[in-house]
Number of protein chains: 2
Amino acid sequence: MARNTEEPENRLSESRTQSSDSPVCEILCVHTDLIESVRKTLIPGGQAHHLADLFKTLGDPTRVRIMDALAKNEFCVCDLAELLGLSQSATSHQLRVLRSDNLVKYRREGKMVYYSLDDDHVMALYREGLEHISEGRKETY
Amino acid sequence: MARNTEEPENRLSESRTQSSDSPVCEILCVHTDLIESVRKTLIPGGQAHHLADLFKTLGDPTRVRIMDALAKNEFCVCDLAELLGLSQSATSHQLRVLRSDNLVKYRREGKMVYYSLDDDHVMALYREGLEHISEGRKETY
DNA sequence: CTTATATATGATTATATGTTCATATGTATA
DNA sequence: TATACATATGAACATATAATCATATATAAG
């Protein structure tokens with residue numbers, strides 16, 4: 001885990017290399033060893049991109065509302081559109097985005113396609129977000 | 001919880017009102033009662049917007065990498081910039097975004113400002129996302 | 001007060017993206 | 001095959017946003 005309680009500890013024992021020639025700290029300002037040690041544990045760029053895509057997919061009000069509806073019941077596209085006041089096209093486009101990140105699954109039944117959350121894991125992710133915003137902060141909207 | 005296992009149950013006992021006059025299902029195609037019942041439980045638009053903002057904030061590779069670094073240690077802005085290969089300005093801008101959603105907190109120490117994850121809850125949210133993408137799906141990148 | 005440095009921020013620009021419109025695909029039925 | 005309808009999708013457009021650049025603010029030291 002991270003330590004962010006009291007004072008910086010190992011932080012102070014670092015081999016500082018304050019580059020006093022650069023106007024803004026271009027090379028590095030502090031804690032070389034710490035940086036090098038943490039650098040090895042960082043998420044690879046590809047994974048970061050991938051994870052960002054997942055969150056980005058959830059980062060749209062329409063898709064949140066779709067997720068919220070599907071968290072309560074499975075729905076066909078037309079029901080979803082009616083329920084959320086969206087066009088059929090917009091709904092389908094958004095479902096496609098959710099599908100691409102494996103957030104929802106679907107099953108065909110005749111002409112209709114029923115969508116639902118992909119698994120309980122997705123539900124957990126969604127609820128974790130809900131919890132965060134329910135902590136009494138950022139009372140906008 | 002949602003039921004999305006076997007066949008639609010209550011779904012079939014609905015008072016269908018298939019509008020056979022509209023070319024594309026504009027009013028509603030199916031399951032009127034279900035829709036009305038679920039509609040009452042839907043997340044309010046403001047909250048949906050708010051939650052989307054939270055996810056959107058996490059939906060950028062740079063911010064994911066910042067979160068990842070802060071999940072391991074607190075860092076001053078300059079360290080973060082060096083660690084992630086970002087400009088000071090870009091780093092600061094992104095930290096501002098993370099701050100606005102209460103994902104990170106900071107403390108001042110002299111000229112420097114140290115950032116860390118806001119709380120363990122944020123860590124849980126981040127890890128929930130990490131888990132999702134680590135399930136062997138979407139092996140792009 | 002002046003200088004130096006760490007951080008924050010406004011403006012600009014290039015890129016990404018959500019919706020709409022039109023149309024295509026898939027399925028059922030006559 | 002032809003028609004109807006549920007869903008999917010490509011193109012276009014308007015809006016959002018991340019990085020850069022320039023500059024402002026904040027703190028420390030002289």
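All heavy atoms count here, side chains included; hydrogens, waters and symmetry mates do not.
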Undergrad: D:dA8 phosphate, OP1 or OP2: any side-chain N/O from A:R99 under 4.0 angstrom?
TA: yes

Undergrad: OP1 or OP2 of C:dA8 sitting under 4.0 Å from any side-chain N/O of B:Y115?
TA: yes

Undergrad: Any sub-3.5 Å donor-acceptor pair from A:D53's side-chain atoms to A:K56's backbone N or O?
TA: no

Undergrad: Does a side-chain N or O from B:K56 land closer than 4.0 Å to OP1 or OP2 of D:dT17, or not?
TA: yes

Undergrad: Could you work out which one of D:dA8, C:dT7, D:dC5 sits closest to the side chain of A:K111?
TA: D:dC5

Undergrad: Once side chain to side chain contact (heavy atoms under 4.5 Å, CB included) is applied, do any residues pair with B:T41, and if so which ones, sequence neighbours excluded?
TA: A:K72, B:V38

Undergrad: Can you confirm whether A:D68 sits close enough to A:Y126 that some side-chain heavy atom of one is under 4.5 Å from a side-chain heavy atom of the other?
TA: yes

Undergrad: Atom CZ of A:R96 and atom P of C:dT17: how far apart are they, to the nearest Å?
TA: 13 Å

Undergrad: Can you find a donor-acceptor N/O pair under 3.5 angstrom joining the side chain of B:S89 to the base of C:dT9?
TA: yes

Undergrad: Output yes when at least one side-chain N/O atom of A:Q94 is less than 4.0 Å from OP1 or OP2 of C:dT19, else no.
TA: yes

Undergrad: Could you give the NE2-to-P distance, from A:H49 to C:dT15, as a whole number of Å?
TA: 15 Å

Undergrad: Round to a whole Å and report the spacing from CG of A:L98 to P of D:dT9.
TA: 14 Å

Undergrad: Quick check on DNA chain C: between A:A90 and A:R108, whose nearest nucleotide comes earlier from the 5' end?
TA: A:A90

Undergrad: Suppose we screen for salt bridge (charged side-chain N to carboxylate O under 4.0 Å, His left out). Which residues come up paired with A:E36, at least two apart in sequence or across chains?
TA: A:R39

Undergrad: Atom CE of B:M112 to atom C1' of D:dA26: distance rounded to whole Å?
TA: 14 Å

Undergrad: Provide, to the nearest angstrom, the distance between the CD1 atom belonging to B:I66 and the P atom belonging to D:dA18.
TA: 11 Å

Undergrad: Do A:Q88 side-chain and D:dA8 base share a donor-acceptor contact under 3.5 Å?
TA: yes

Undergrad: According to the interplanar angle, ranging from 0 to 90°, do the rings of A:H132 and B:H121 count as parallel (below 30°), tilted (30 to 60°) or perpendicular (above 60°)?
TA: parallel

Undergrad: From CG of B:L86 over to P of D:dC21, roughly how many Å is that when rounded to an integer?
TA: 14 Å

Undergrad: How many whole angstroms separate atom OH of B:Y106 from atom P of C:dT9?
TA: 9 Å

Undergrad: Less than 3.5 Å between a donor and an acceptor, one on the side chain of A:S87 and one on the base of C:dC21, is that the case here?
TA: no

Undergrad: Just the rounded figure in Å: distance from P of C:dA8 to CG of B:L95.
TA: 7 Å

Undergrad: Would A:H93 pass as stacked on D:dT9, i.e. its ring centre under 5.5 Å from the base's six-membered ring centre and planes under 30° apart?
TA: yes

Undergrad: Could you tell me whether A:T91 contacts a base, only the sugar-phosphate backbone, or nothing, with contacts defined as non-hydrogen atoms closer than 4.0 Å?
TA: nothing

